[in-house]
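What follows is one structure encoded as structure tokens, with my remarks underneath.
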2 protein chains.
Amino acid sequence: MEWTRAKRYQAYSNWTAAELLSLQQQVATSDYLPHYHVSPLSGLLNDPNGFSFFNNQWHLFYQAFPFGAVHGLKSWFHLVSDDLVHWKQQGLALKPDTIYDSHGAYSGSAHVIKDKLFIMYTGNVRDKDWQRHPYQNGAWLDKNNRLTKLQRPLFDQPEHTTDHFRDPQLLYLNNTYYALLGAQDKETLSGKIALFCSKNLHDWQDLGYLDFTNNDMGYMVECPNLVLVDNKPLLIFCPQGLNKKIMNYDNIYPNVFIIGDTLNLAGASFTSRQAAPLNFDEGFDVYATQAFNAPDGNAYAVSWVGLPDISYPTDQENWAHCLSQVKELRIKDGCLYQRPVPAMAQLRTAGKHLTPGNNKISEKNCLIDHPSQHFELKLTIPAGQAGTLHLAADKLLTHSLALEFSTSKKAFLSVDRQNAGAPFAKKYGTKRSVKLPADTSLVLDIFFDNSICEIFVNNGSHVLTLRLFPSKKQQKIILESSQFIDYNGTWWNLKPIN
Amino acid sequence: MEWTRAKRYQAYSNWTAAELLSLQQQVATSDYLPHYHVSPLSGLLNDPNGFSFFNNQWHLFYQAFPFGAVHGLKSWFHLVSDDLVHWKQQGLALKPDTIYDSHGAYSGSAHVIKDKLFIMYTGNVRDKDWQRHPYQNGAWLDKNNRLTKLQRPLFDQPEHTTDHFRDPQLLYLNNTYYALLGAQDKETLSGKIALFCSKNLHDWQDLGYLDFTNNDMGYMVECPNLVLVDNKPLLIFCPQGLNKKIMNYDNIYPNVFIIGDTLNLAGASFTSRQAAPLNFDEGFDVYATQAFNAPDGNAYAVSWVGLPDISYPTDQENWAHCLSQVKELRIKDGCLYQRPVPAMAQLRTAGKHLTPGNNKISEKNCLIDHPSQHFELKLTIPAGQAGTLHLAADKLLTHSLALEFSTSKKAFLSVDRQNAGAPFAKKYGTKRSVKLPADTSLVLDIFFDNSICEIFVNNGSHVLTLRLFPSKKQQKIILESSQFIDYNGTWWNLKPIN
């Protein structure tokens, strides 16, 4: 089937239930389906939306197109959880069914107001000439998870932006509602973060652009997200077309962060000593991260694991992408840390302790040979070691995800997915590397889940997330080294979340 | 919407995806949805089908009509499990898409043959005059869970039955395949179990009716199921229109069993000293139980928790029914025992120990007050006690599921759902009772899951299963007695299976 524009944007009522049931069956039987990450029932998943805590539950939504692995007519799919790990599917909560979101209920956020959850999102509308009209809309979710849309948009596109004006994040600070939006400036066609404020959610004032950098942020900024982490304002966003002289990145579009020093939203000001944005995730596939300050005092983030404008192997199976696990954010000594939430440990089944023992002299030490490719591997490598940890490896190491490391003077960790399975996105390189502190032990906490791998380095000072599409034969974990190598760790098979 | 015949049997392609997505969303947000029992994604679930162990996994299917709480055009929905408790949904595996199953892929069974799973099922076909033609069809499921139907039916309806001829159970004994089928004799219009055999699955021989009783079994027998339990043949089936002089039952149709002494399928003979069939489950809502002999040496059974021709409160929410938990079968001293599988205990979270303590003198002792209505309660009541255990009780006991018991001379347990919540099926009585051994302690293992309750009595010598539809206010467990009462037990909140 050719994905014409008409096909992508046709009403859900123009698809048959038979088609949807077949798609759902095809996805449910996919070998690449994650076991403990959120993935779509069918079709495409992208941005996390409306991440919040309401009515004694965690709520999370994602952008969903149920009919194929393309960006078509989007809805919000709703999930609830008691522990940020086990997510219960609640179906499509927000659908494109009004004149203010006729071509997609696009990304947005949620904020608890009294006994309801207020949802703010971009209604994507195209006119007859396919000209885009982005409306910023509101909806209320009640305690029975019933959703009611506001009759009219909250506000329209301002004069000073193009029609690239979307992804509102609603914040409440100093008795004022603020909305941060991704925007493209009309005059300069450059990426901006637009800022609006309101006392009552009805009357909105345009505060212009947030002043957060002196650098050019490319042609568009998507998914701006502001969160307080250990009393520092943290700005997360996705600049498109960013000049690589400003910051180095390899993915088609980076998902970046800036740790701020001062924040004054009324004055549209965010100051930072950080010279340039940094990659939020140093792997291959993280985008559109959404974080929020939860009532438990923590800041939690969740990411789309997938990138715009890239084909993935499961496109052939009519589904694409998943969400990252939820990550707790911390700032320590001016550095951002991301770590798994405590409930992730509840997925562990009886662990297998790993030490070199008598195998220390072996050059290719098979640590694990297990058909389960949904596991956690926690491994500490002392200073002065070098080698390659192969995940999803076959016998002859023809195929594997190769994690090369040194914990000596020029310490580093690199991840190469060139031979990890079905090829994709090779244009953007198959290797990502991070520098590590010299002569220091390396602590890896690796979450592997069939076709997604999240590597937490040194207690979350780096995270490298990636998709990979190995064959069923790739079921070993092999530690390769030309020298005697020391290590200490545990491997756990992880239980599925549904 | 009126459920006309045309509407119930229209092709899945005549329903829109928008309708199905709305139905799925409505069901996902239902307050009555079980947490650890299999229930439909939308629409109606009935008979369990194809229960088997294949490719290192448990397989289970159920009869599914995805578009509403009515018996419409049926498919087989596929589930797989590693532990008989956590079931992973695999979508619609067997759909009504040939001329031999055009009006429904009806019930059947599965049997592992070499490296594939052979599925035998009834293809329901109606001609222009709405005359029924039941075909007995075959299909192969491979190790990738891909299903291929045979081109032609295995065999047709025999001369000696009416068109009520369905629900094949495939068995392999003494190098021969046997198929047991529910049937109505053409001459007498009485319920029978038809028997066919084959050496090769292609050429089938009609062995007439299984000789298993001298009693009249009503006008139709559904879902015949033969399984070996502790070296005894156990015949489970559903007689419709059975005379209550033969055996006592209260449900619209009973699901019964006979423990046999000898079995000779080649001779179409099953002998038993049991005078009459007994209720497989002594509660309100069990039907169409399917059991099989697993390679681990155990016999496992699973039931439809729902009855034909009865309206349930969730019909208004466009879904109906669930499956029972899997029950391990045993025969000891000529009696049938059913008990939970070991993995059920893995759903337990930290338990709360229950003893009378200082509350022993209280008349209405609130054991538990917890909003979670998905729990297990194991309670031992010593001999010489009497009282009522109220589940899903409100403060004033205006509403509750009332379990009255005596462990004295005339010992009994009765279950009354009259005031348990939204009313249904009152025509068939609101109370079920079992006699218990006199002056002996009573051991209850109760599994409660929002709208289903399974009560295992004295290590499974009786099981009482029922649906109930309590309000959110009914969250207490109260033990009521006019005397000092002694007891000892544990309450566990149970984790959801998805």
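In this text, all values refer to a predicted model and were calculated from it rather than measured experimentally. The sequence lines fix the lettering, A, B, ..., with proteins before strands; numbering per chain opens at 1.
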| query | Going by residue number, which parts of residues 9-28 of chain B are within reach of chain A, meaning a heavy-atom gap below 4.5 Å? | reply | B/Y12, B/S13, B/W15, B/T16, B/A17, B/A18, B/L20, B/L21, B/S22, B/Q24, B/Q25, B/A28
| Measuring heavy-atom distances to chain A, does B/I497 have an atom under 4.5 Å in its side chain, in its backbone, in both, or in neither? | backbone
| Contact residues of residues 48-67 of chain B (partner chain A; heavy-atom separation under 4.5 angstrom) | B/P66, B/F67
| message | Please output the residues of residues 75-84 of chain B in contact with chain A, using a heavy-atom cutoff of under 4.5 Å, in numerical order. | response | none
| task | Begin with the C-alpha distance, continue with both residues' side-chain angles, and end with the deciding distance and a verdict on side-chain contact (heavy atoms from CB on, under 4.5 Å) for A/K88 and B/H35. | result | CA-CA 10 Å; A/K88 208 175 140 201; B/H35 281 223; 4.0 Å; yes
| ring pair (Phe, Tyr, Trp, His ring centres under 6.0 Å) against B/Y100, all qualifying residues, sequence neighbours excluded | B/Y135
| remark: Taken to the nearest 0.5 Å, the spacing of A/L147 CG from B/T29 OG1 works out to 11.5 Å
